[in-house]
Amino acid sequence: MSYEEMPAGTVPVFFVLVFSTFSCFLLTIILAMKWKERRRRSVYSLRNLFFSLFLACIFLISAMIQGYITGYKLIFYRIAYTLFIGFLACSLFFLIQFGQEIFNVFKKSYNYHFTFIAILVILLILPNNYYGYPSDGKTDFGPSIRIFSSTLFVVYQTYLYALLAIKSFSAYLQVSDSYAKIGFMFIGISQVSMLANQFFLVLDVIAFTFWGNKGGYSIFTTIGWIFVGLFTFSSYMGLLLPGFLHRRELPNPSLEKDKFQLIEEDPIQVKIAEIHDRSLLVRCPTCKLTKEIVLKSELVYSIKIQEKDIMSITIEENIICSHRFQIFLDKNLQIRGFTPIDYFKG
């Protein structure tokens, strides 16, 4: 049995990979602690996603260390690399759950996505992908399916990350709550980072195919893994919102507990006789509890005179229930949508 040589020049990739592994592990621990504090499904999904990425990175590091020690991609390398790909694909399960929770996507198609990812994982770990095999040894398990399975994997990942990036930046433009706005911005950046990762890994495949870059570890791989590090960093900033970001943000129009008044840096002082308090029936998008709240006349006035057709109002914890979320109102005070945002609060 012949073995492929471990390519030279992979040290930069290795150190970037170590950094990404440490970042995924750290974020997994932080999210696990956050899950104990407030049991939100979004936190649970992200914890599992980063744990899957952490395991994937561990197996890839193990494969590369074996290659450095022996100089060849032996059976251990092939198995470890296969597990790396498998856990990388498994992380998409939790990405789907996360998107379902915060953007209300994949609701109707969740079972189809779940089944597709399961099939994709099986395709990617089949032995006839020939991970780590030299070109003359790719006949042991029949025809190679690596081009098909890898292309399917890349296209599907790109679709998911692009969709969530669009949803994130769209939410960023719609919401007015400062915590949610900056949270959605960083989540969007994290998804774009993974799109950049996919782009550079595709460039690596092109370099391998047309310029004989032996082993598939070009400079493009290094850059791609740098974007994975940016993905973990921006995910941390968006999902956990460190305190220094909280302090830098000015409050936006919001509903506080027991106050139900407009909060602004320069409050609107108007008294118009025909503008009265309005009752509004609000349902929490997380627990579905419904309760009537009262919008003060100042807030009703600000909604009616705004330039935008839709305005977002933050419902703080313990007004309706224990969750924090936003409602989207039109100028006629009709509710057009809900968005849970309690996971953005550190």
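Positions are given from 1, in the same order as the sequence printed here.
- K73 places no side-chain N or O within donor-acceptor distance of the main-chain N or O of R78, the cut-off being under 3.5 Å.
- Residues Y72 and I75 share a hydrophobic cluster, clusters being chains of Ile/Leu/Val/Met/Phe/Trp/Tyr side chains in contact below 4.5 Å.
- V155 and L120 are not part of a single hydrophobic cluster, where members link through side-chain heavy atoms under 4.5 Å apart.
- The heavy-atom pair separating I145 from L123 by the smallest distance is CD1-O, 3.7 Å.
- Taken to the nearest 0.5 Å, the CZ atom of F184 stands 9.5 Å off from the OG atom of S170.
- With rounding to the nearest 0.5 angstrom, the CE atom of M6 is 4.5 Å from the OH atom of Y68.
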N/O donor to acceptor pairs below 3.5 angstrom from side-chain atoms of residues 49-62, sequence neighbours left out:
{"residue": "S52", "atom": "OG", "partner": "N48", "partner atom": "O", "Å": "3.0"}
{"residue": "S62", "atom": "OG", "partner": "I58", "partner atom": "O", "Å": "2.8"}

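- At most 12 heavy atoms of other shown residues, nucleotides or ligands fall within 6.0 angstrom of atom OH in Y172.
- The cluster map of Ile, Leu, Val, Met, Phe, Trp and Tyr, joined by side-chain heavy atoms under 4.5 Å apart, puts F87 and I96 in the same cluster.
- The two residues Q326 and T314 have their closest heavy-atom pair at NE2-OG1, 3.0 Å.
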- Message: With side chain to side chain contact (heavy atoms under 4.5 Å, CB included) as the criterion, how do F169 and V192 come out once you've worked through the C-alpha distance, each side chain's angles and the decisive distance to 0.1 Å?
- Response: CA-CA 10 Å; F169 289 120; V192 172; 3.8 Å; yes
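- Taken from OH in Y81 to CG in N129, the straight-line distance is 10.0 Å, to the nearest 0.5 Å.
- Crowding of F328 atom CZ: a count of heavy atoms from other residues, nucleotides or ligands under 6.0 Å exceeding 12.
- Interatomic distance, CD1 of I327 versus CZ of R283, reported as 13.0 Å (0.5 Å rounding).
- Of all heavy-atom pairs between L124 and S149, the closest is CD2-O, 3.7 Å.
- Here the NE2-NZ distance, from H323 to K288, works out to 10.5 Å after rounding to the nearest 0.5 Å.
- Using a 4.5 Å heavy-atom cutoff, the side chains of Y161 and L95 are in contact.
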Donor-acceptor pairs under 3.5 angstrom involving side-chain atoms of residues 15-25: please list them, not counting sequence neighbours.
{"residue": "S20", "atom": "OG", "partner": "V16", "partner atom": "O", "Å": "3.2"}
{"residue": "S20", "atom": "OG", "partner": "W225", "partner atom": "O", "Å": "3.3"}
{"residue": "T21", "atom": "OG1", "partner": "L17", "partner atom": "O", "Å": "2.8"}
{"residue": "S23", "atom": "OG", "partner": "F19", "partner atom": "O", "Å": "2.9"}

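- When each of I226, I223, T222, I219 is tested with V13 by the rule side chain to side chain contact (heavy atoms under 4.5 Å, CB included), just one qualifies, namely T222.
- When all heavy atoms of C321 and L289 are compared, the pair lying nearest together is CB-CD2, 3.8 Å.
- Look at E317 and R324 and you find no salt bridge, because none of the NZ, NE, NH1 or NH2 atoms lies under 4.0 Å from a carboxylate O.
- The minimum heavy-atom distance between L160 and L92, with the atom names listed, is CD1-CD2, 4.1 Å.
- Side-chain contact between I119 and I122 is absent, with no heavy atoms from C-beta onward closer than 4.5 Å.
- Counting heavy-atom neighbours within 6.0 Å of Y156 OH, excluding the residue itself, gives a total above 12.
- Taking 4.5 Å as the limit, every side-chain heavy atom of Y44 sits out of range of all side-chain heavy atoms of L31.
- No more than 12 heavy atoms of other residues, nucleotides or ligands sit less than 6.0 Å from atom CD1 of I147.
- Between Y131 and F84, the ring centre distance reaches or exceeds 6.0 Å.
- Linking ILVMFWY residues whenever their side-chain heavy atoms come closer than 4.5 Å, directly or via other members, places F148 and F153 in the same cluster.
- The number of heavy-atom neighbours closer than 6.0 Å to CZ of F116, taken from other residues, nucleotides and ligands shown, is above 12.
- The shortest side-chain heavy-atom distance between V105 and K167 falls under the 4.5 Å cut-off.
- Between V282 and T290 the shortest side-chain heavy-atom distance does not fall below 4.5 Å.
- No more than 12 heavy atoms of other residues, nucleotides or ligands sit less than 6.0 Å from atom CZ of F199.
- Counting heavy atoms from C-beta outward, I125 and I85 have side chains that stay 4.5 Å or more apart.
- Residues L329 and I315 share a hydrophobic cluster, clusters being chains of Ile/Leu/Val/Met/Phe/Trp/Tyr side chains in contact below 4.5 Å.
- Counting only residues at least two apart or in different chains, side-chain hydrogen bond (donor to acceptor under 3.5 Å, both in side chains) contacts with residues 185-203 comprise Q157-Q198.
- The shortest side-chain heavy-atom distance between Y77 and E4 does not fall under the 4.5 Å cut-off.
- Closest approach of I187 to S168, counting heavy atoms only: CG2-OG, 3.2 Å.
- Note that OG1 of T158 and CG of L163 are 12.0 Å apart. Values are rounded to the nearest 0.5 Å.
- Between L74 and Q66 there is a side-chain heavy-atom pair separated by less than 4.5 Å.
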